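Single-structure report; data block below.
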Amino acid sequence: MFENWDELTQQCRQCQKCPLCRTRHNVVVGVGNKNAKVMFIGEGPGENEDLQGEPFVGRGGKLLDKMLNAVDLDRNKNIYIANIVKCRPPKNRDPKPEEQDMCIDWLRNQVKLIKPKIIVCLGRIAAAKIIKSDIKITKEHGIFFEKNGTLMTAMLHPAAVLRDPRRKPEAFDDFLKLREKINEICPETYDI
Ligand code: URA
């Protein structure tokens with residue numbers, strides 16, 4: 001556990017704990033406000049993220065930014081975004097359980113430093129790892145769970161919404177629910 005962000009970031013960028021380090025271009029540590037009360041967690045970098053070193057910068061990321069901005073959230077202002085695995089799985093396959101296990105301590109350290117009040121998991125992989133292993137995202141997205149004093153919710157992954165645009169309204173509905181929860185639990189998010 002690193003108490004200091006610079007040290008955490010530096011060590012994370014040098015990580016060679018799993019084979020994904022051999023094919024990566026960049027370690028995608030995270031982006032946003034390290035004092036945020038709301039943290040978003042995705043599954044892992046894709047091609048664009050690997051090349052640019054920032055989470056959610058491809059087409060899915062653009063959609064995510066739109067939905068965030070619609071409820072006055074901004075990746076560079078009042079939230080923090082990270083992933084379960086920090087290095088791109090080849091061909092965008094799902095990160096393997098052992099890769100997730102080898103990487104998860106970086107995320108745990110990030111969560112300990114940020115101390116978010118609300119954690120939003122984007123997609124099934126992140127939700128299964130963070131909220132509960134048997135989560136059914138199609139049924140349970142938008143529901144808030146409490147775990148060790150932190151509220152957690154799953155949302156549809158932006159890439160899944162791009163694949164099936166009919167799901168946009170239910171995806172957006174979860175952002176509206178999130179805004180309500182933020183106003184209840186950590187309204188200071190909107191003063192940042
Ligand atoms: N998908 C994710 O889950 N995370 C990213 O950073 C990009 C795409």
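These numbers come from the heavy atoms of this one structure, side chains and all, not from hydrogens, waters or symmetry mates. If you read the sequence from its start, that first residue is 1, and numbering goes on from there. In this text the structure is predicted, and so the values were computed from the model without any measurement.
- Of the possible polar contacts, none joining the Lys132 side chain to the Phe145 backbone as a donor-acceptor pair under 3.5 Å is found.
- Sparse packing is recorded around NZ of Lys168, with 12 or fewer heavy atoms of other residues, nucleotides or ligands lying under 6.0 Å away.
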Subject >> Val38 vs Lys117, side chain to side chain contact (heavy atoms under 4.5 Å, CB included): CA-CA, chis, key distance, verdict >> reply: CA-CA 6 Å; Val38 185; Lys117 295 261 193 271; over 6 Å; no

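- Counting non-hydrogen atoms of neighbouring residues, nucleotides and ligands closer than 6.0 angstrom, the CZ atom of Arg93 exceeds 12 such neighbours.
- In this structure, SG on Cys121 lies 8.0 Å from CD1 on Ile137, to the nearest 0.5 angstrom.
- Linking Ile, Leu, Val, Met, Phe, Trp and Tyr residues whenever their side-chain heavy atoms come within less than 4.5 Å leaves Met152 and Leu178 in two separate clusters.
- In summary, Arg124 and Asp94 engage in a salt bridge, as defined by a charged side-chain N under 4.0 Å from a carboxylate O.
- Formation of a donor-acceptor pair under 3.5 Å by the Gln11 side chain with backbone atoms of Glu7 is not found in this model.
- Ile131 and Ile125 fall into different hydrophobic clusters, where Ile, Leu, Val, Met, Phe, Trp and Tyr side chains are chained together by heavy-atom contacts under 4.5 Å.
- Only one option out of Gln100, Lys86, Arg88 pairs with Pro95 in a side chain to side chain contact (heavy atoms under 4.5 Å, CB included); it is Gln100.
- Residues Trp5 and Leu113 form a side-chain contact, since some pair of their non-hydrogen atoms from C-beta on lies under 4.5 Å apart.
- In terms of heavy-atom proximity, Cys15 sits nearest to Arg24 at O-NH1, 2.8 Å.
- Looking only at side-chain heavy atoms (C-beta outward), Ile185 and Leu151 come within less than 4.5 Å of each other.
- At a threshold of 4.5 Å between non-hydrogen side-chain atoms, the residues Asp50 and Val28 do not count as touching.
- When every heavy atom of Val85 is checked against every heavy atom of Pro89, the shortest pair comes out as CG2-CG, 4.4 Å.
- For Lys66, the NZ atom counts as loosely surrounded, since its 6.0 Å shell holds 12 or fewer non-hydrogen atoms of other residues, nucleotides or ligands.
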Original post:
Would Ile114 and Asn35 satisfy side chain to side chain contact (heavy atoms under 4.5 Å, CB included), going step by step from the backbone distance to the final call?
Top reply: CA-CA 6 Å; Ile114 294 172; Asn35 299 310; over 6 Å; no

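- No side-chain donor-acceptor contact under 3.5 Å links Arg179 to the backbone of Leu73.
- To the nearest 0.5 angstrom, Glu54 atom CD is 11.0 Å from Asn26 atom CG.
- Under the 4.5 Å side-chain heavy-atom criterion for ILVMFWY residues, a single connected hydrophobic cluster contains both Met1 and Tyr80.
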Subject >> Intermediate values then yes/no, side chain to side chain contact (heavy atoms under 4.5 Å, CB included), Ile119 and Ile41 >> reply: CA-CA 7 Å; Ile119 291 180; Ile41 300 176; 3.7 Å; yes

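- Using the six-membered ring where Trp is involved, Phe56 and His157 have ring planes that are tilted, between 30° and 60° apart.
- Ring geometry, Phe2 versus Trp106: the interplanar angle falls under 30°, so the pair is classed parallel (tilted spans 30 to 60°).
- A 4.5 Å side-chain heavy-atom check between Ile118 and Val120 finds at least one atom pair inside the cut-off.
- Follow the hydrophobic side-chain contacts under 4.5 Å out from Met102 and you never reach Leu107; the two are in separate clusters.
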Subject >> Full working for salt bridge (charged side-chain N to carboxylate O under 4.0 Å, His left out) between Asp65 and Lys62 >> reply: CA-CA 5 Å; Asp65 280 336; Lys62 298 280 167 286; 5.3 Å; no

**OP:** For Asp101 and Lys129, run salt bridge (charged side-chain N to carboxylate O under 4.0 Å, His left out): C-alpha distance rounded to whole Å, both residues' side-chain angles, the deciding distance at 0.1 Å, then the answer.
**Re:** CA-CA 9 Å; Asp101 288 341; Lys129 190 74 185 163; 2.5 Å; yes

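- Residue Ala36 comes nearest to Asn78 through the heavy atom pair CB-O, 3.7 Å, listed as atom of the first residue, atom of the second, then distance.
- Rounding to the nearest 0.5 Å places CD1 of Ile143 at 12.5 Å from CE of Met155.
- Ile79 has its side chain within reach of Leu68: a pair of non-hydrogen atoms, C-beta onward, lies under 4.5 Å apart.
- Annotation: side chain of Lys37 is in contact with side chain of Glu188 (closest heavy-atom distance under 4.5 Å).
- Heavy-atom contacts from other residues, nucleotides or ligands closer than 6.0 Å to CD of Gln14 number more than 12.
- For the pair Thr23 and Pro90, the tightest heavy-atom approach, listed with the atom from each and the gap, is OG1-CG, 4.2 Å.
- Between the NZ atom of Lys17 and the CD1 atom of Ile104 there is a distance of 10.5 Å, given to the nearest 0.5 Å.
- Nearest approach of Arg167 to Ala160, heavy atoms of both residues: NH1-CB, 4.3 Å.
- Under a cutoff of 6.0 Å and an axis angle of 45°, Lys181 and Phe144 form a cation-pi pair.
- Contact of the Glu99 side chain with the Cys18 side chain is registered, since non-hydrogen atoms from C-beta on lie closer than 4.5 Å.
- In this structure, NZ on Lys136 lies 14.0 Å from NE2 on His141, to the nearest 0.5 angstrom.
- Taken to the nearest 0.5 Å, the NZ atom of Lys112 stands 9.5 Å off from the CD atom of Glu3.
- Looking at Val57 and Arg75, their side chains come closer than 4.5 Å, going by heavy atoms from C-beta outward.
- Under a hydrophobic clustering in which Ile, Leu, Val, Met, Phe, Trp and Tyr are joined whenever their side-chain heavy atoms come within less than 4.5 Å, directly or via other members, Ile81 and Ile84 fall into different clusters.
- The nearest pair of heavy atoms linking Val27 to Cys87 is CG2-SG, 4.1 Å.
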**OP:** Check the pair Phe40, Leu122 against side chain to side chain contact (heavy atoms under 4.5 Å, CB included), reporting the backbone distance first and the verdict last.
**Re:** CA-CA 7 Å; Phe40 283 75; Leu122 294 167; 4.1 Å; yes

